[in-house]
Every structure is written in C-alpha cells, then in structure tokens.
Number of protein chains: 2
Amino acid sequence: MNDKLYSITELAEEFDITPRAIRFYETKGLLSPQRAGATRVYNYRDRARLVLVLRGKRLGFTLEDIKEYIDLYDAERSHSDQLAHLMLVGRKRIGELEQQLEDVQTTLGELRKIEAEARDALKARGLDPEEAVQNLGRKLPAKAGV
Amino acid sequence: MNDKLYSITELAEEFDITPRAIRFYETKGLLSPQRAGATRVYNYRDRARLVLVLRGKRLGFTLEDIKEYIDLYDAERSHSDQLAHLMLVGRKRIGELEQQLEDVQTTLGELRKIEAEARDALKARGLDPEEAVQNLGRKLPAKAGV
DNA sequence: CAATAAATTTACGCTAACGTCAGCATTATG
DNA sequence: CATAATGCTGACGTTAGCGTAAATTTATTG
C-alpha cells in the first residue's frame, strides 16, 4: 500500500514548493529518487524524507544541518564509534531544540498577551473584535495571498 | 536602576555577536540607539530590543519578520484600526509559532529516541556510553568548538 | 601631546537557497 | 503528427545577513 509513486510536480504541489527546490535538495544530498530514464520518480520513503526536510526548514535549520539530521536515521549502527557519534550529534541537536522550545513558548506567551490586550481594548470601545478584524480587509488595499 | 548604558562592543560581547551585526540591525530599523556625537549609546530598552531580535533569529524568523513583531510592542493603541491590525498580525504569528511548537516537540521526541537507542546499543556491547562519547574526541581530528 | 585603541561610514565580498531563463529531449493528447 | 505539457541540465541572477577591508574621526592613556 506504500508503493505509490510521485512525480516531481506532484510533490511540489502537495507541499507548495517548486520543482526547482526539490531538485536543489537533491544536489545537496537530501534526496535521491530513482529515475525512469532521466525522469525523477519518488517513492514513499523519498516523500517521507522531503517531509523531514521541510520540517527542518520550518525549524530554521540549514540544509546542511538537516542533512546531518536525516543521516542520523540512516546511520549504520554497526560500529561502536558510529553509535557514539550518533549520541553526540543527537545530544547537540537536542540541546538546540530545547532552547528553541523555550523561545517558542516565551514568544507565544507574549503574543497571546498582546492579542488579548488588543481584543480587550476594542471591546472597551464597544466594538466586536472579530468584526473589526474583518473590516480591515475592506478598508486596506488587500495585503496577503489569496 | 535601569539607567545603565552600553557601548556597541559591550553588547556585542555579551551576546556573542559582532558590532557589525548590531549596526546592520540598526540599518534595518530594528534598533535606534542614541548617539553621543557619532558614537552609539545603548540603554536598557535598546538592549531589550536586541534580546528580542536574537530570540527571533533563533526561531528562524527573518529580520523583517522580527521588525514587524517588535513593532507590535510599540504599536499605537489609539486607533481601533491599529488595534484590529495588531490582533490580525498577532494571530498570524501565533499560528506560525503553534506549528513550530509542534515541529520542535516532534523532532525532540525523535532525537531522544535515536539517542536512547544508540545508548542502549552501546550498553548491549558492554560499553559505557559516556566513555564511548568521550573517546571520540581523541580518535577523531577534533571537530567542533573548544 | 604623541601613540594607540575604539568607533564610524562606505563599499565591496561572500554563502545559502533557491528563481529564472535557455536549450533540448520526452511524453501526452486532440 | 503537430503541438503542448512536462522534465532535464546547465548557468547566471537575486536576496538576506552579515564579514572584511579601507579610510577617517574620536577617545583614551602613558
């Protein structure tokens, strides 16, 4: 059931990125799909890797970081040195992410406070906050993406 | 008690960045210290802003994102439109960060699993994991920072 | 006050992560 | 089968975020 195959544009559309980006990740060693002739063909594992890449990006890691991270999954667990190295790199990343977790939580707290204050201030003026937000779209020149 | 002033190098050293970076943030409108003649002088508020900038960076935001975010703090809360806008932008960021929170937690979980597995595998070979990690430093050409 | 040391501006350089052609081959379709 | 549509490989262009060097004040210190 996991034998489904994907074209490059299918993946691109699914994840809202460009084929160019996907090819670029390949040149960086993050993906290595099969080929049918010259055409790239992605299987379920390739797709899973792409998911990891995109999540890594959302977390602000560089593609090189992400490669190192992905390699943790595929690392040989044959030599003890490999295993020790796995632990070492894993711990480093864990440390980084724990810091990031703290940052995210702090910032979320601050933002929620700001939003709540703004909402209260609107209510105090006898306005419906949701309505006020809606109205912005009509007054302003239309900002973000359809 | 919060009237302490800082030179650019003091801040740079405290946060382990370069003066060049701090000046760069200023050109992007993220900081606006006073001047004593031509020399930049930073007060407590400037320093607090810098902290926000650096945290934003750790979260993977662009400097432009960070500017928008910082501006939320200083936004006028006089007009209702401003308040509604504040809510809108705040919610957008909150959404992003909630996604990021999920990403961080997922990735942390995966990494902890990998690290634990590596540790168990080493133990199963009768090795002390900590020792094995230590030994890496002596065998390998010395990789990361001091 | 002469000699450093520290700051400033200006400007060019560099890397990451793609975007954007160009030119060509392959595949799909009316 | 003519014509799109899709894909491939270069190769150059672009933006963000500083690094680095040069030339020039400004500050500090023996």
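If you're wondering where the values come from, they're calculated on a predicted model, not measured in any experiment. Just so you know, these numbers use all the heavy atoms, side chains as well, and skip hydrogens, waters and symmetry mates. All chains are named by letter (A, B, ...) in the order of the sequence lines, taking the proteins before the strands, and each is independently numbered beginning at 1.
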Exercise for review: Please state whether the phosphate of dT20(D), meaning OP1 or OP2, lies under 4.0 angstrom from any side-chain nitrogen or oxygen of R20(B).
Suggested key: no

Point to revise | Phosphate-side-chain proximity, R40(A) and dG7(D), N/O vs OP1/OP2 below 4.0 Å | key: no

Review point. Phosphate oxygens OP1/OP2 of dT6(D): is one of them under 4.0 Å from a side-chain N or O of T39(A)?
Key: no

Practice item. Indicate whether any N or O donor in one side chain lies under 3.5 Å from an N or O acceptor in the other, for T106(A) and R55(B). Key: no

Exercise for review: May I have the distance from E10(B) (atom CD) to dA5(C) (atom P), rounded to whole angstrom?
Suggested key: 19 Å

**Study point:** Cation-aromatic face contact R49(B)/Y73(B), 6.0 Å, 45 degrees
**Key:** no

Check your understanding: When the distance from OH of Y42(B) to C1' of dA7(C) is rounded to whole Å, what number comes out?
Key -> 10 Å

Practice item. Between dA17(C), dA7(C), dC18(D), spot the one nearest the side chain of I8(B), thanks. Key: dA7(C)

**Study point:** Length of the CZ-P vector between F15(A) and dC18(C), whole Å
**Key:** 15 Å

Study note, to complete from the structure: Side-chain contact check for A21(A): nearest option of dT9(C), dT6(D), dG19(C) is dG19(C)

Review point. Could you give the CZ-to-P distance, from R35(A) to dT26(C), as a whole number of Å?
Key: 14 Å

Check your understanding: Taking a hydrophobic cluster as the set of Ile, Leu, Val, Met, Phe, Trp and Tyr residues connected by side-chain heavy atoms closer than 4.5 Å, whether directly or through intermediates, do V51(A) and L108(B) fall within one such cluster?
Key -> yes

Practice item. Step by step, work out the salt bridge (Lys or Arg N to Asp or Glu O under 4.0 Å) result for E130(B) and R91(A). Key: CA-CA 12 Å; E130(B) 303 309 321; R91(A) 285 182 179 182; 2.9 Å; yes

Check your understanding: E64(B) CD to dA16(D) P: how many Å, rounded?
Key -> 7 Å

Check your understanding: Going through the checks in order, is the side-chain hydrogen bond (donor to acceptor under 3.5 Å, both in side chains) test met by E64(B) and Y69(B)?
Key -> CA-CA 9 Å; E64(B) 210 181 316; Y69(B) 172 62; over 6 Å; no

Review point. Can you check whether K57(A) has a side-chain N or O nearer than 4.0 Å to OP1 or OP2 of dA17(C)?
Key: no

Point to revise | N/O (side chain, T9(B)) to phosphate O (OP1/OP2, dA7(C)) under 4.0 Å | key: yes

Review point. For D16(A) and dG19(C), what is the distance between atoms CG and P respectively, to the nearest whole Å?
Key: 11 Å

Practice item. Tell me which nucleotide among dC18(C), dG7(D), dT8(C) gets nearest to the side chain of R23(A). Key: dG7(D)

Review point. Side chain of L63(A): nearest nucleotide among dT20(C), dA17(C), dA7(C)?
Key: dA17(C)

Practice item. Between Y25(A) and A36(A), name the one whose nearest nucleotide on DNA chain C is closer to the 5' end. Key: Y25(A)

Review point. Over how many whole Å does the gap from D65(B) atom CG to dG17(D) atom C1' extend?
Key: 14 Å

Exercise for review: State which of dG19(C), dT8(C), dA17(C) makes the closest approach to the side chain of T18(A).
Suggested key: dG19(C)

Review point. How many Å lie between CZ on F24(B) and C1' on dT10(C), as a whole number?
Key: 15 Å

